**Q** 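What follows is a structure written as structure tokens; I'll ask about it next.
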Amino acid sequence: MRIDVLSLFPNMFQATMGESIIGKAQENGFLDLQVTDFRDYTTDKHNHVDDAPFGGGAGMLLQPQPIFDAMDAIEKETAGKYPRGRVILMDPAGRRFDQDYAQELAQEEYLTFICGHYEGYDERIRQLVTDEASLGDYVLTGGELAAMVMIDATVRFVPGVLGNMASPMGDSFSNGLLEYPQYTRPADFRGMKVPEVLTSGNHQKIREWRMRESLRRTLHRRPDLLESASLSREQQRMLEDIKLDEDPDVPD
């Protein structure tokens with residue numbers, strides 16, 4: 001996968017994206033991550049990339065020229081190497097990013113992220129993009145942190161990055177539910193013992209326990225997820241049993 005990022009602060013990506021899973025993905029050839037400082041493409045003699053909005057108003061807007069020229073340069077460099085992929089504008093008004101969105105983006109060969117700053121964008125910049133994305137209902141200083149979160153979550157689904165593709169598919173939210181509790185050695189730590197079923201070797205009972213605890217945790221912490229989760233009949237029965245066990249006065 002190739003990912004290009006347009007940012008005024010490329011050092012943020014160099015410091016963060018060279019570590020852990022993303023760093024290894026680049027070392028192993030699964031990810032080609034390139035960050036372009038679009039200030040390098042400004043034609044303003046003072047290297048300004050922003051200006052006051054027409055009609056007045058608070059704050060400054062990113063000008064279209066540096067971003068358009070940076071995109072032209074990137075397209076020229078990648079021509080014939082990658083199909084024109086999706087271009088994602090980081091914007092608080094965009095589509096809410098979630099696990100499904102990450103899996104969707106991981107199917108692409110080529111992604112470009114445009115990170116904003118200041119008050120906003122000149123509206124004409126949106127002609128370059130296919131997606132507008134947001135992490136949530138809050139405002140960050142710039143789009144860099146949001147882009148890094150999206151890249152990290154997306155690259156996990158690229159085949160080969162984690163080695164075992166069961167890992168990302170078992171993460172919280174991948175099946176619409178929160179992940180079940182997990183344990184490792186020692187089996188007894190300061191009197192806190194691992195549930196016996198996990199050391200029983202009975203894979204069927206372990207599967208059922210994990211499914212039940214995933215449902216229980218989701219019910220307690222994120223009951224809103226259950227409203228849209230596609231539960232099997234087995235899961236539906238388990239969920240009803242959990243509710244009955246915890247509140248026996250609830251009618252069937």
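Owing to the predicted nature of the structure, the values given are computational and were not obtained by experimental measurement. Only this structure's heavy atoms are used, side chains among them; waters, hydrogens and symmetry mates stay out.
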**Q** From Leu145 CG over to Phe13 CZ, what is the distance, rounded to the nearest 0.5 angstrom?
**A**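 Result: 8.0 Å between the selected atoms.
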**Q** Check whether Met238 and Val197 end up in the same hydrophobic cluster, where Ile, Leu, Val, Met, Phe, Trp and Tyr are linked by side-chain heavy atoms less than 4.5 Å apart.
**A**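 In one cluster: no.
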**Q** With side-chain contact (heavy atoms from CB on, under 4.5 Å) as the test, would you mind laying out the steps for Phe9 and His117 before giving the verdict?
**A** CA-CA 10 Å; Phe9 300 95; His117 232 74; 3.4 Å; yes
**Q** Please determine whether salt bridge (charged side-chain N to carboxylate O under 4.0 Å, His left out) holds for the pair Glu104 and Arg95, giving the CA-CA distance in whole Å, both sets of side-chain angles, and the decisive distance to 0.1 Å.
**A** CA-CA 13 Å; Glu104 180 184 320; Arg95 173 182 171 185; 3.1 Å; yes
**Q** Take Val161 and Leu31 through the side-chain contact (heavy atoms from CB on, under 4.5 Å) test and state the conclusion after the steps.
**A** CA-CA 9 Å; Val161 169; Leu31 173 65; 5.9 Å; no
**Q** To the nearest 0.5 angstrom, please state how far the OH atom of Tyr180 sits from the CD atom of Gln182.
**A**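 Here the interatomic distance stands at 4.5 Å.
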**Q** Side chain to side chain donor-acceptor pair (under 3.5 Å), that's the test. Do Tyr41 and Asp72 meet it? Break it down for me.
**A** CA-CA 10 Å; Tyr41 291 88; Asp72 287 345; over 6 Å; no
**Q** Regarding Arg222 and Glu227, does a basic nitrogen lie under 4.0 Å from an acidic carboxylate oxygen?
**A**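 No, this pair does not count.
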**Q** What verdict does the salt bridge (charged side-chain N to carboxylate O under 4.0 Å, His left out) test give for Lys24 and Glu27, after you've listed the backbone C-alpha separation in whole Å, the side-chain angles of each residue and the deciding distance to 0.1 Å?
**A** CA-CA 5 Å; Lys24 291 180 180 178; Glu27 290 176 9; over 6 Å; no
**Q** With side chains defined as the heavy atoms from C-beta onward, is the minimum distance between Asp188 and Val194 less than 4.5 Å?
**A**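 No. Closest side-chain heavy atoms not under 4.5 Å.
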**Q** Does Arg96 offer a backbone N or O that forms a donor-acceptor pair with the side chain of Ser134 under 3.5 Å?
**A**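 Here the side-chain-to-backbone pair does not exist.
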**Q** Heavy atoms only: give me the nearest Ala106-Phe157 pair and the separation to one decimal.
**A**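 In terms of heavy atoms, the two residues are closest at CB-CB, 3.5 Å.
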**Q** Quick check for you: to the nearest 0.5 Å, what is the distance between Leu128 atom CG and Phe68 atom CZ?
**A**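 Those atoms lie 4.0 Å apart.
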**Q** Are Glu77 and Arg2 within salt-bridge range, i.e. N to O under 4.0 Å?
**A**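 So Glu77 pairs with Arg2 through a salt bridge.
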**Q** Is it the case that the side chains of His203 and Glu208 hold a donor-acceptor pair, with the cut-off being a distance below 3.5 Å and no angle test?
**A**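 Glu208 vs His203: no donor-acceptor pair found between side chains.
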**Q** Could you give me the CA-CA distance, side-chain angles and deciding distance for Ile21 and Leu162, then say whether side-chain contact (heavy atoms from CB on, under 4.5 Å) is met?
**A** CA-CA 8 Å; Ile21 296 297; Leu162 294 185; 3.8 Å; yes
**Q** Do the side chain of Arg39 and the main chain of Asn47 share a donor and acceptor less than 3.5 angstrom apart?
**A**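 Present.
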**Q** Distance alone, cut at 3.5 Å: any donor-acceptor contact between the side chains of Tyr110 and Asp4?
**A**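 Short answer, yes.
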**Q** Give a yes or no answer on whether the side chain of Ser200 reaches the backbone of Asn202 with a donor-acceptor pair at less than 3.5 Å.
**A**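 Yes, Ser200 side chain to Asn202 backbone: donor-acceptor pair under 3.5 Å.
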**Q** Less than 4.5 Å apart, any side-chain heavy atom of Ile114 and any of Val129?
**A**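 Sidechains of Val129 and Ile114: in contact.
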**Q** Give a yes or no answer on whether the side chain of Ser214 reaches the backbone of Leu178 with a donor-acceptor pair at less than 3.5 Å.
**A**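 Checked: pair present.
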**Q** Counting C-beta onward and ignoring hydrogens, is there a side-chain heavy-atom pair between Arg216 and Met211 closer than 4.5 Å?
**A**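 Heavy-atom side-chain distance check fails, nothing below 4.5 Å.
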**Q** Is there a side-chain contact between Gln14 and Val35, using heavy atoms and a 4.5 Å cut-off?
**A**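 Not touching, per the 4.5 Å side-chain cut-off.
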**Q** Looking only at heavy atoms, which two atoms of Ile125 and Leu62 are closest? And how far apart?
**A**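 Minimum heavy-atom separation between Ile125 and Leu62: CD1-O, 3.8 Å.
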**Q** Evaluate the side-chain contact (heavy atoms from CB on, under 4.5 Å) criterion for residues Ile151 and Val5: first the C-alpha distance (whole Å), next the side-chain angles of each, then the deciding distance (0.1 Å), finally the verdict.
**A** CA-CA 10 Å; Ile151 291 169; Val5 181; 3.9 Å; yes
**Q** Test your reading of the model: is there a side-chain donor-acceptor pair from Gln26 to the backbone of Met17, 3.5 Å cut-off?
**A**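 A pair under 3.5 Å: yes.
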**Q** Going by heavy atoms in the side chains, are Leu231 and Leu177 under 4.5 Å from each other?
**A**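 The answer is yes; the side chains approach within 4.5 Å.
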**Q** Between atom CG of Leu135 and atom CZ of Phe97, what is the distance when rounded to the nearest 0.5 Å?
**A**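 Spacing of CG (Leu135) from CZ (Phe97) equals 7.5 Å.
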**Q** Name all residues meeting the side-chain hydrogen bond (donor to acceptor under 3.5 Å, both in side chains) criterion together with Thr112; count only those two or more places apart in sequence or in a different chain, and write none if there are none.
**A**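 With neighbours one apart ignored, the set is Arg84.
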**Q** Is any side-chain heavy atom of Thr42 less than 4.5 Å from a side-chain heavy atom of Gln65?
**A**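 Answer yes - side chains close enough.
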**Q** Would you say Glu19 has more than 12 foreign heavy atoms packed within less than 6.0 Å of its CD?
**A**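 At most 12 heavy atoms, drawn from other residues, nucleotides or ligands, come within 6.0 Å of this atom.
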**Q** Give the minimum heavy-atom separation between Tyr121 and Gly116, together with the two atoms involved.
**A**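 That would be OH-N, 3.0 Å.
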**Q** Please report the shortest heavy-atom distance between Ala70 and Leu6, naming the atom on each side.
**A**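 That closest heavy-atom pairing would be CB-CD2, 3.9 Å.
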**Q** Of the non-hydrogen atoms in Gly176 and Ala229, which two are nearest, and what is the gap between them?
**A**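 Gly176 and Ala229 have their closest heavy atoms at O-CB, 4.1 Å.
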**Q** Once rounded to the nearest 0.5 Å, what's the spacing between atom CZ of Phe113 and atom CE of Met150?
**A**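 Answer for the CZ-CE pair, Phe113 versus Met150, is 4.5 Å.
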**Q** As an exercise, state the distance from OG1 of Thr154 to CG of Leu105, rounded to the nearest 0.5 Å.
**A**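 Result: 4.5 Å between the selected atoms.
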**Q** Quick check against the 3.5 Å criterion: does Asp152 have a side-chain atom that pairs as donor or acceptor with the backbone of Met148?
**A**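 Such a contact is absent between Asp152 side chain and Met148 backbone.
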**Q** Quick check: closest heavy atoms across Gln235 and Leu215, and the distance to 0.1 Å?
**A**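 Minimum heavy-atom contact is O-CD1, 3.5 Å.
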**Q** Do the charged groups of Arg210 and Glu179 touch, with an N to O distance under 4.0 Å?
**A**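 Salt bridge flag = no for Glu179 with Arg210.
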**Q** Taking 4.0 angstrom as the limit, do Glu234 and Arg237 come out as a salt bridge?
**A**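 Looking at Arg237 together with Glu234, the answer is no, because their closest N to O distance does not fall below 4.0 Å.
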**Q** Do any N or O atoms from the side chain of Asp98 and from the backbone of Asp100 form a donor-acceptor pair under 3.5 angstrom?
**A**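 Answer holds: yes.
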**Q** Would a 4.5 Å heavy-atom cut-off, applied to side chains only, mark Ser7 and Thr36 as touching?
**A**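 Not touching, per the 4.5 Å side-chain cut-off.
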**Q** Would you please test Asp32 and Gln34 for side chain to side chain donor-acceptor pair (under 3.5 Å) and show each step?
**A** CA-CA 7 Å; Asp32 179 9; Gln34 301 295 328; 2.8 Å; yes
